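The block underneath contains the structure these notes are about, expressed in structure tokens.
Just so we're on the same page: letters track the sequence lines, and every chain starts at 1. Side chains included, hydrogens not; waters and symmetry mates left out as well; all remaining heavy atoms used. What you see is a predicted model, and the numbers here were worked out from it, not measured in a lab.
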Amino acid sequence: MADKQHLYLVDGSAYIFRAYHRLPPLTDPEGTPVGAVYGYTTMLWKLADDLDKADGPTHLAVVLDKSSHSFRNEIYDQYKANRPDPPEDLVPQFPLIRDATRAFSLPLVEEPDVEADDMIASYARAAQAEGWDVTIVSSDKDLMQLVGEKDGARIDMLDTMKSARIYIEEVEEKFGVPPEKVGDVLALMGDSVDNIPGIFGVGPKTASKLIAEHGDLTAALDAAEEMKKSKLKERLIEHREDAELSRVLVTLKEDCPLPIAIDDMKLNGVPSEPLAAFLEKHGFTSLLRRLETGSGSPNRATDLNPPKQETKGAEAEAGGNSQPLPELPAIDRSAYECVQSMERLTHWIERAGAARLVAVDTETDSLDSIRAELVGVSLAPGPNEACYIPLGHGGSDMFAEKPEQIGKAEALAALKPLLEDDAVLKVFQNGKYDLNVLAREGIAVAPIDDTMIISFALDAGRSESGIGGGHGMDELAERHLGHTCISFKELCGTGKKAIPFAEVPLDKATEYAAEDADVTWRLHAMLKRRLPVEGGTKIYERVDRPLVPVVAGMERHGIKVDRARLAKLSEEFATETKRLEGEIHEIAGQEFTVGSPKQLGEILFDKLGFKGGKKGKSGQYSTDQSVLEKLSGDGAEIADKVLEWRQLAKLKSTYTDALQEAINPETGRVHTSYSLVGAQTGRLSSTDPNLQNIPIRTEIGRQIRDAFVAEDGHVLLAADYSQIELRLAAHMADVAPLKEAFAEGEDIHARTATEMFGEVTRDTRARAKTINFAILYGISRWGLAGRLGVEADEAQAMIDTYFQRFPGIQKYILHTLESVREKGYSETLFGRKTWFPRINSKNQAERQGSERAAINAPIQGTSADIIKRAMVRMNPALEEAGLGHVRMLLQVHDELVFELPEADVTAASEAIERVMAQAAAPAVELAVPLGVEIGTGKSWGAAH
DNA sequence: CGGATCACG
DNA sequence: GACGTACGTGATCCGA
């Protein structure tokens, strides 16, 4: 017996998931999750401790899943397709599991494209063939197929969580059949977790009965013809192929090549030094103490349920980072290379391919990604390992000599396979820009990561200054790397003296461009690892990251505007403003600049002597809309004329003139640029031109929307979420009457009026509407009083009534504020964080401002998450519906605008409505329906 | 370049 | 006793 070898095969991946769910969510003082690691460590400890016991291991190896891909995916593309991502706080623990295994000096088997189950099966059979006993440390039902005895060598299983051995009897008890028939049972049952189809409607009971009766799967399926008429019979016949496919999928592959010989898995006791280092590093002090005192096997009960006090406090006290960042070398610009030959370019492309990750940056001659011409590309497959590939330098001065560089077409042809390679991650800072530039060169870059978007997922709201809210590269480099990038200004100059990037000498251009790629690579290394630890993975991976190429596509499509129509409006507005200006001057008794609030204020309040002039902190009279409306109410004709003048001047300068200039001469369309990090709440913002503030509220402004048109034979389709923020408030604050009203499709403001005032009139409904919005924005009695034109007392009474009728609202507000004060950030239903660094400010105004924003952010942000999810799903859904030519053009916070052939309106409306209405699911199940209103027309105005 | 104003959700 | 009153944006103009 002493000579009997006994191999233990630990199913590490399966263990980790179970340990994660069974053990308390331990964290170290820095908040790094270590619960599953702790469970795993104690399990290994216990196994190693059994070394000299009967039935204990003489040999041991840990088997982990390396990749999710295996031969089963080749057979069945849906295999494991529905599997959810691992929990966010488990992800950072995976690498620690490897560290733990190494600390025990245990062999680790981890093969690409082979599932752990197959590897375990192959090792078990190999050991069995040598006459060894085998224990599989797992409780996976698929592995139960292996249990049994052959030639005096036994395979059994050990469920360490239940401290239970699984032999043939246990398998028979569970499945009603011996282990060799378990595969047949599994094939009938299917498996929803692995997405194995099985036979619909057949569960474990029916499956084992069928196999027990008929002997095996084929016999059971053949027997179906003879069965008496039943649902089961029909299903067995109809889904026979599914069952046969499932049989192949559940069959373990027992002849995988073995990377480590079984003899090399011999256990030689646990070397205490590396283990001690590991335990100390991760703060497992009680285990460390045991190691040092050499006290025997850990007690089983405390092992599986570590005492809270010990694990939460002392156990995790040592802390430290879960994934310490390897020291990066300081940035050294002299290490950068200017690539001027195909030979060198090939070298860099091969290097990037081997690294599997490369930071990329493009240099162009314009900030507008739709007009920009590519001037060069930089690559960084590692820190200080960066190059710049000039492609379009020189040439603007016909006397200057063009520097030596690879032809653009040739270079891009060589880069294209790398940039489109699924296996190489391309890292960008603001990748949407580069995606557009490269898409116009015929390169569809994927997959990508974006350091700007990662920064936003982690730190939205934390920094208030700077372009892009503190997520621009220069700021990120300062903040995270302590590095000052070469500024574009010092390279190209500014204002009139500015030179295009293409005219920057190659040595300078290389330093600048390669540095950008290098910095991007480093930022990625710094920031990406924070995502799982700080709860940013879900929103980044599921929402913002996949959105980047979608929005890039929308920007490239652009939208057609009718230039002649705008020009005509411009002319009309010009005539009108001129006429008004004359009349205003006449009333004023002098000429002045109507567009100057300063001059206007002096005319109104000093010269003409109107009352109600308030000076702000700038010492200037306020002349805004509310002031002028008040004067108009007092009979001041000049105020009306100024208001009208302002409206027309605004429309002309901001819209009818500017939009004409924004038409891209090549495409004939207007291409806005969306910022994915512009709004702290997670909304998009739109610039150059801003297409999210095109007039609609007034009749005169609405004419501008009519200038946004579809191509011939096409129409525009506008799909709006109706009252989405109020719906979300009803859900998030759990307001029964509001939820009910939405479920019934009632007029929500009318319902609020009923609840508050007992009756619905034009007046009470209007008040209710104001109050509803006030709630979303964080209310104050003075603010509401101002809006409603009542005294603050009365406004306060209304707020009280509101809270009384909808008590969930008050609770939501208090709870939200409490949480933001404590944690420093608010969160949307989908986990997007917005930070409020001033929420505890001593400055009352500052603090209250943050409070109002913090009340609003989860609602506005959740709405943004939902429409973003709809956008991410939209193109695949349209594609699937045979509507691949329907183009999504614009997003206006709660509205999406599409362009499509007239003939497709019905089908497209249906598909778009469905995607938008279902966009929260399955991540969040809302207690209110999401209403979507759709309109179509030849113009945007007509589509509403 | 900051403030005032006003366009949108 | 003063604070300064609804959330989130971007473009334009004026005037220092």
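Within residues 800-816 of chain A, no residue is approached by DNA chain C to less than 4.0 Å at the level of any non-hydrogen atom. Proximity of residues 765-782 of chain A to DNA chain C (heavy atom under 4.0 angstrom from any strand atom) is restricted to A:T770, A:F773, A:A774, A:Y777, A:G778, A:S780, A:W782.
For A:R697 and B:dG9, the shortest distance from a side-chain N or O to OP1 or OP2 is below 4.0 Å. Side-chain N/O atoms of A:T654 include none lying less than 4.0 angstrom from OP1 or OP2 on C:dT12. For B:dT5, one of the phosphate oxygens OP1 or OP2 lies less than 4.0 angstrom from a side-chain nitrogen or oxygen of A:T623. In this model, the phosphate group of C:dG15 is approached by a side-chain N or O of A:Q599 to a distance below 4.0 Å at OP1 or OP2. Considering only side-chain N and O atoms, A:R683 lies nowhere under 4.0 angstrom from the phosphate OP1 or OP2 of C:dT9. Taking only side-chain nitrogens and oxygens, A:R852 never comes nearer than 4.0 Å to OP1 or OP2 of C:dT5. Taking only side-chain nitrogens and oxygens, A:S596 comes nearer than 4.0 Å to OP1 or OP2 of C:dG15.
If you check every strand for non-hydrogen atoms under 4.0 Å, A:A864 touches nothing. Backbone-only contact: A:I696 has heavy atoms under 4.0 Å from sugar-phosphate atoms and none from a base.
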Legend entry - Canonical and wobble pairing (Watson-Crick, G-U, under 3.5 Å) of DNA chain C, dot-bracket with |: ......|||||||||.

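Side-chain to base pairing of A:K650 with B:dC6: one donor and one acceptor N or O lie within less than 3.5 Å of each other.
A:Y655 has its OH atom 7 Å from the C1' atom of B:dC8, to the nearest Å.
Between A:D450 and A:Y540, the side chains place no donor N or O within less than 3.5 Å of an acceptor N or O (distance only, hydrogens not considered).
The residue from A:R669, A:R887, A:K938 that alone fulfils the salt bridge (charged side-chain N to carboxylate O under 4.0 Å, His left out) condition with A:E899 is A:R669.
For the pair A:K652 and A:F573, the NZ or CZ position fails the cation-pi test of under 6.0 Å to the six-membered ring centre and within 45 degrees of the ring normal.
A salt bridge does not link A:D634 to A:K630: none of the charged side-chain nitrogens sits closer than 4.0 Å to a carboxylate oxygen.
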